[in-house]
Number of protein chains: 4
Amino acid sequence: MSDSEWITELIKDTEHATMSDKQRKILEAAIDTFSEKGYSGSSTSEIAKKAGVAEGTIFRHYKTKKELLLAIVTPTVAKFVAPFFIKSFAKEVFENEYERYEDFLRVVAKNRLEFVRKQFPVLKIFIQEIAFHDELREPFQKLFADHVYEKFKRIIEHFQEKGEIISLPPQTIMRMTASSIIGYILPRFLLFSDMDWDDEKEIDQIVEFVMYGLSGRK
Amino acid sequence: MSDSEWITELIKDTEHATMSDKQRKILEAAIDTFSEKGYSGSSTSEIAKKAGVAEGTIFRHYKTKKELLLAIVTPTVAKFVAPFFIKSFAKEVFENEYERYEDFLRVVAKNRLEFVRKQFPVLKIFIQEIAFHDELREPFQKLFADHVYEKFKRIIEHFQEKGEIISLPPQTIMRMTASSIIGYILPRFLLFSDMDWDDEKEIDQIVEFVMYGLSGRK
Amino acid sequence: MSDSEWITELIKDTEHATMSDKQRKILEAAIDTFSEKGYSGSSTSEIAKKAGVAEGTIFRHYKTKKELLLAIVTPTVAKFVAPFFIKSFAKEVFENEYERYEDFLRVVAKNRLEFVRKQFPVLKIFIQEIAFHDELREPFQKLFADHVYEKFKRIIEHFQEKGEIISLPPQTIMRMTASSIIGYILPRFLLFSDMDWDDEKEIDQIVEFVMYGLSGRK
Amino acid sequence: MSDSEWITELIKDTEHATMSDKQRKILEAAIDTFSEKGYSGSSTSEIAKKAGVAEGTIFRHYKTKKELLLAIVTPTVAKFVAPFFIKSFAKEVFENEYERYEDFLRVVAKNRLEFVRKQFPVLKIFIQEIAFHDELREPFQKLFADHVYEKFKRIIEHFQEKGEIISLPPQTIMRMTASSIIGYILPRFLLFSDMDWDDEKEIDQIVEFVMYGLSGRK
DNA sequence: AATGAATGAGCCTTCATTCAT
DNA sequence: CATGAATGAAGGCTCATTCAT
C-alpha cells in the first residue's frame with residue numbers, strides 16, 4: 001500500500017458514516033477530555049461517563065486507551081497533511097498557477113487554517129502527545145520527511161530559481177515560513193481563542209512579513 | 001512585594017547553595033522524569049527511585065506532587081524572563097545603545113538561547129504543562145502581560161517612530177518576532193537536538209529574516 | 001428416577017447425535033481451554049473465539065459458565081462409572097466368571113484405562129475442579145458411596161471369603177487397589193503423556209504388585 | 001549456588017522470624033483462600049480483607065499475585081523434599097541402618113506424613129496449581145529428576161541386589177511405592193480429613209501391602 | 001531530616017452475562 | 001438460533017500521600 005493510499009485508508013476510518021452512535025460519542029468525549037487534561041491525566045472512566053456509555057464499551061471499540069488516542073489523532077493529522085499528497089499540489093505551482101511564493105503561501109495558509117479552526121482540539125492533543133508516544137511520532141515523522149518536506153523543498157527551489165526568494169537552505173526557508181504561520185495559530189487558538197480574529201487579514205499580514213520582513217521594504 | 005522582588009525571591013529558591021543534597025537530587029530526578037514522560041505520566045515513586053531517596057522524602061520537601069512541579073518550573077521560567085525586569089533592559093535601547101531593532105533582537109536572542117540550551121528540559125516541562133495547570137499559567141500570563149509585553153511594546157514603538165520597522169500593531173510585531181525565534185528553538189532542541197547547530201549563524205539568519213523577509217530586498 | 005436411569009439420561013446428553021454443530025464446537029473448545037487453564041482461568045470469550053462462535057452463543061446453550069462445566073464433566077464421569085451399574089458387573093464375579101481377584105482387576109483396569117485414554121482432558125478437568133464445586137462433588141460422592149463402593153465392597157468380601165485376599169477393611173483394600181491404578185494413570189497421562197507406554201504390560205505388573213507386593217513372593 | 005544451598009535459601013524465606021506481622025497475615029490469608037478456591041478463583045481483594053490489610057499492602061510485599069503464590073508454595077515444597085538432600089539420607093540405608101526396604105519406607109513415610117499433616121493446605125495448592133504454572137513445575141521437576149529420583153533409585157537398586165524386592169525397573173518400583181502412600185494421603189486429607197485416622201497403623205498396613213500385596217503371602 | 005510500610009482511591013482492563021437485532 | 005454490542009462489577013495493580021519510627 002502506497003503512502004497516499006494509506007492516507008486515504010486512515011481517513012475513511014473516521015468517516016462518521018461507518019460509526020455507531022456510541023462510538024461517535026466515545027470519540028467526542030475522549031477528544032474533549034484528552035484535550036482538556038492531556039492523555040495521562042484523563043481516565044477512561046471519566047471519558048465513559050462523559051460519553052454516556054459503560055466503561056467496558058470503550059474497550060469493545062478500542063482495545064486499549066492508547067488505541068483510542070491513536071484513533072482520534074491519526075486520521076485528523078492525516079487529513080491535515082492530505083492536501084500535500086494530491087497530485088495537483090505542486091503541479092499548480094510549477095505550471096505558473098502561482099506566479100509568486102507569497103500567492104502560493106497565502107492559499108495554503110488560509111486553507112489549512114480553516115482546517116485547524118475546525119479541528120483544533122484534536123490537533124492540540126497531537127501536539128501535546130507527540131513528544132511522549134513513539135506510535136504517534138514515528139509514522140508522521142516519516143510521512144513528513146518523505147512527502148511534505150520533499151514537495152515543499154522543490155517548490156522553494158522553484159521560487160529560488162526564479163529569484164523570488166533568497167537562497168538560504170530550503171530547510172531554513174521552510175522553518176521560517178512554517179513558524180511564522182504556526183506562531184499565529186498557536187496563540188490564536190490556544191491562548192486567545194475567545195478574542196475576535198480577522199483571520200484573512202492576519203494571514204495577509206503574515207505573508208507580507210514572511211516576504212518582506214519587519215522593515216517593510218519591498 | 002513588587003513583581004521584580006518576587007522574581008528575585010523565586011530565583012533564590014533554586015540557588016543550589018540553600019538546598020540539601022537530597023533535595024537537589026529529587027529536583028534533578030523530577031526534571032528528568034517529567035521531561036521524559038510528562039507530569040501526569042510520571043510517578044513520585046519513580047522519581048524517588050531515580051533520586052535515590054525514600055518515597056516519603058519527596059513529600060517532606062514538597063507537600064504535593066504539584067508543588068514539586070512548580071518548584072521545578074517556576075524559578076527557571078522566572079530566570080528566563082528576569083532580564084526583562086532589570087532597569088537597564090529598555091534604557092539601553094532608548095539611549096541609543098542599540099541603533100537598530102535588529103541589533104537589539106540579536107543580542108536578546110543570543111542571550112536567551114544560551115539560557116534555553118542549559119535549561120531546555122525544564123522549559124519543555126513548562127511548555128507541556130502550562131496548558132493543564134492554572135497555577136502555572138496565571139502568574140506567568142500576568143507577569144508577561146504586565147511587564148514583558150509592556151516593555152517590549154515601548155521598544156517596538158520606539159523603533160516604529162524611528163521608521164525602522166513597519167507600523168503594524170506592536171502585538172503583531174512581537175508575535176512575528178517571537179515566533180521566528182521560537183520556531184528555531186523548538187525544532188532545534190525538541191526534534192533535532194543531536195544535530196550540529198551553529199547557533200550564532202542561525203540567529204543571524206533569523207534576524208535577517210525578521211527584518212527583510214524571504215524576498216531578501218533591503 | 002433411579003440412579004442407573006439417571007446415569008443413562010446423563011450420558012444421552014452428550015451423544016453427539018442430538019447436538020448442533022456449534023454446540024459440539026463449543027464443548028470441544030471448552031474442554032481444551034478448561035483442561036489447559038483450569039475453569040477459573042478460562043474466559044468464556046476465549047472459548048467462544050476458539051469455537052468460532054459469537055460470545056452470546058455459548059449462553060444460548062448453557063445458561064452459565066458453570067453449567068458449561070457441568071455439561072462437559074458430568075456425562076463423561078457418568079460414563080466412566082457406568083459399567084459399575086450394569087447388572088452383570090458383579091454377577092460375573094460371583095458366578096465364577098472370575099476365579100481370582102486379580103483376573104477381575106485386570107479386566108476392569110484395562111477396560112477403564114481405555115476410557116481414560118480417550119477422555120483424559122475431561123477427566124483432568126474433573127479432577128482439578130471437584131475440589132471447588134459442590135455441584136460436582138456431591139452427586140458423584142453420593143453415586144460412589146451408594147453404588148460403586150457398595151458393589152466393590154461385596155466383591156472384595158467375596159474374595160476375602162474365598163481366602164484370595166487378606167482381611168483388611170474393604171475400604172482399605174479398595175484404596176490400595178485404586179491408588180495403585182491411579183498412581184499409574186496420573187503420571188502416565190499428566191506428566192509423561194508423550195512417552196511410549198505399553199499399557200497392557202504395565203497393568204499386568206500393577207496387578208501383580210497389588211496381589212503380591214514388591215517382595216514378589218507368591 | 002548448589003541445589004542443596006538453594007533449598008536452604010528458599011526455606012529461610014519463610015522463617016517467620018524475618019517476617020513482619022502483616023506479611024505473615026497476608027501469607028496465611030492467601031493460603032486459606034488459594035486452598036479453598038484455587039489460585040485463579042481467589043481475588044487479591046478478598047485476601048486483603050481476610051488478612052485485615054489494605055489491598056495495596058499485598059503488592060508492597062509481593063510484586064504480583066503470582067509471586068504471592070510462589071512465595072507460599074515454593075518454600076513449603078522445598079521443605080518437603082529437603083530430607084532427600086541431607087547426606088545421611090542414603091548413607092543410613094547403605095550402612096545397614098535399615099536392613100529391609102520396608103523399614104526404610106516406614107520411617108520415611110511416617111516422617112513425611114507428619115509434615116503433610118501440618119502443611120496440607122499449602123501442598124494442596126501446589127498439587128492444584130502445578131498443572132498451570134511453569135514457574136512451579138519446572139524447578140521442582142528438575143529437582144525431583146536430579147536428586148530425589150536419583151537417590152531413590154540407588155536405594156531401590158541396593159535392596160534389589162540384596163534380593164529384598166523384585167527386579168522391576170526402579171521407576172516402576174518407585175511409582176508403586178509412592179502411589180500407595182499418596183493414595184492414602186489424598187483421601188485422608190482431601191476427602192475425609194474430619195474422620196479419625198490412626199496414621200501409625202495405616203502406614204504399617206500400607207508398608208505391609210507394598211511389600212506383600214493383597215494376597216498376604218510372605 | 002529521612003525512612004519505607006501502610007493506605008485506599010483510582011487506574012486500565014477483562015469478565016460473565018443480557019438483549020435487541 | 002445466532003449474533004455481537006452493551007453492560008457494570010470485579011479484576012490485578014499503581015498511585016500520591018501519611019505517619020510511626
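Labels below follow one simple rule: chain letters A, B, ... track the order of the sequence lines, proteins then strands, and each chain is numbered from 1.
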**Q** State whether a side-chain donor-acceptor pair under 3.5 Å links A/Glu55 with A/Thr44.
**A** yes

**Q** C/Glu55 has a side chain; which of E/dA2, F/dA2, F/dA6 sits nearest to it?
**A** F/dA6

**Q** For this output row, return yes or no: ring centroids of A/Tyr39 and A/Phe132 closer than 6.0 angstrom.
**A** no

**Q** Heavy-atom nearest nucleotide on DNA chain E for A/Ser40 versus C/Lys63: which residue maps closer to 5'?
**A** A/Ser40

**Q** Between C/Gly56 and A/Ser45, which is nearer to the 5' end of DNA chain E once each is assigned its nearest nucleotide?
**A** A/Ser45

**Q** For C/Ser42, answer base if it contacts any base atom (sugar-phosphate contacts may also be present), sugar-phosphate if it contacts only those atoms, and nothing otherwise; contact means non-hydrogen atoms under 4.0 Å.
**A** sugar-phosphate

**Q** Could you check which of F/dA2, E/dT7, E/dC12 has an atom nearest any side-chain atom of D/Val53?
**A** E/dT7

**Q** Applying the Watson-Crick and G-U wobble criteria at under 3.5 Å, what pairs with E/dA20? Answer none if nothing qualifies.
**A** F/dT3

**Q** Would you indicate which nucleotide in F/dG11, F/dA6, F/dA16 comes nearest to any side-chain atom of A/His61?
**A** F/dA6

**Q** Could you check whether D/Ser43 gets within reach of a base, just the sugar-phosphate, or nothing at all, counting any heavy atom under 4.0 Å?
**A** sugar-phosphate

**Q** Can a side-chain donor-acceptor contact be found between B/Lys22 and B/Thr57 if the only test is distance below 3.5 angstrom?
**A** no

**Q** Please pick, from F/dG12, E/dA2, F/dC1, the nucleotide with the shortest atom-to-atom distance to any side-chain atom of D/Phe59.
**A** F/dG12

**Q** Looking only at side-chain atoms of C/Ala54, point me to the closest of F/dG4, F/dG12, E/dG8.
**A** F/dG4

**Q** Can you identify which nucleotide, out of E/dT17, F/dT17, F/dC13, has its nearest atom closest to the C/Thr64 side chain?
**A** E/dT17

**Q** When you get a sec, tell me which of F/dA16, E/dT3, E/dT13 is the closest nucleotide to the side chain of A/Thr44?
**A** E/dT13

**Q** Starting the side chain at C-beta, find the nucleotide from E/dT13, E/dA5, E/dA2 nearest to D/Arg60.
**A** E/dA5

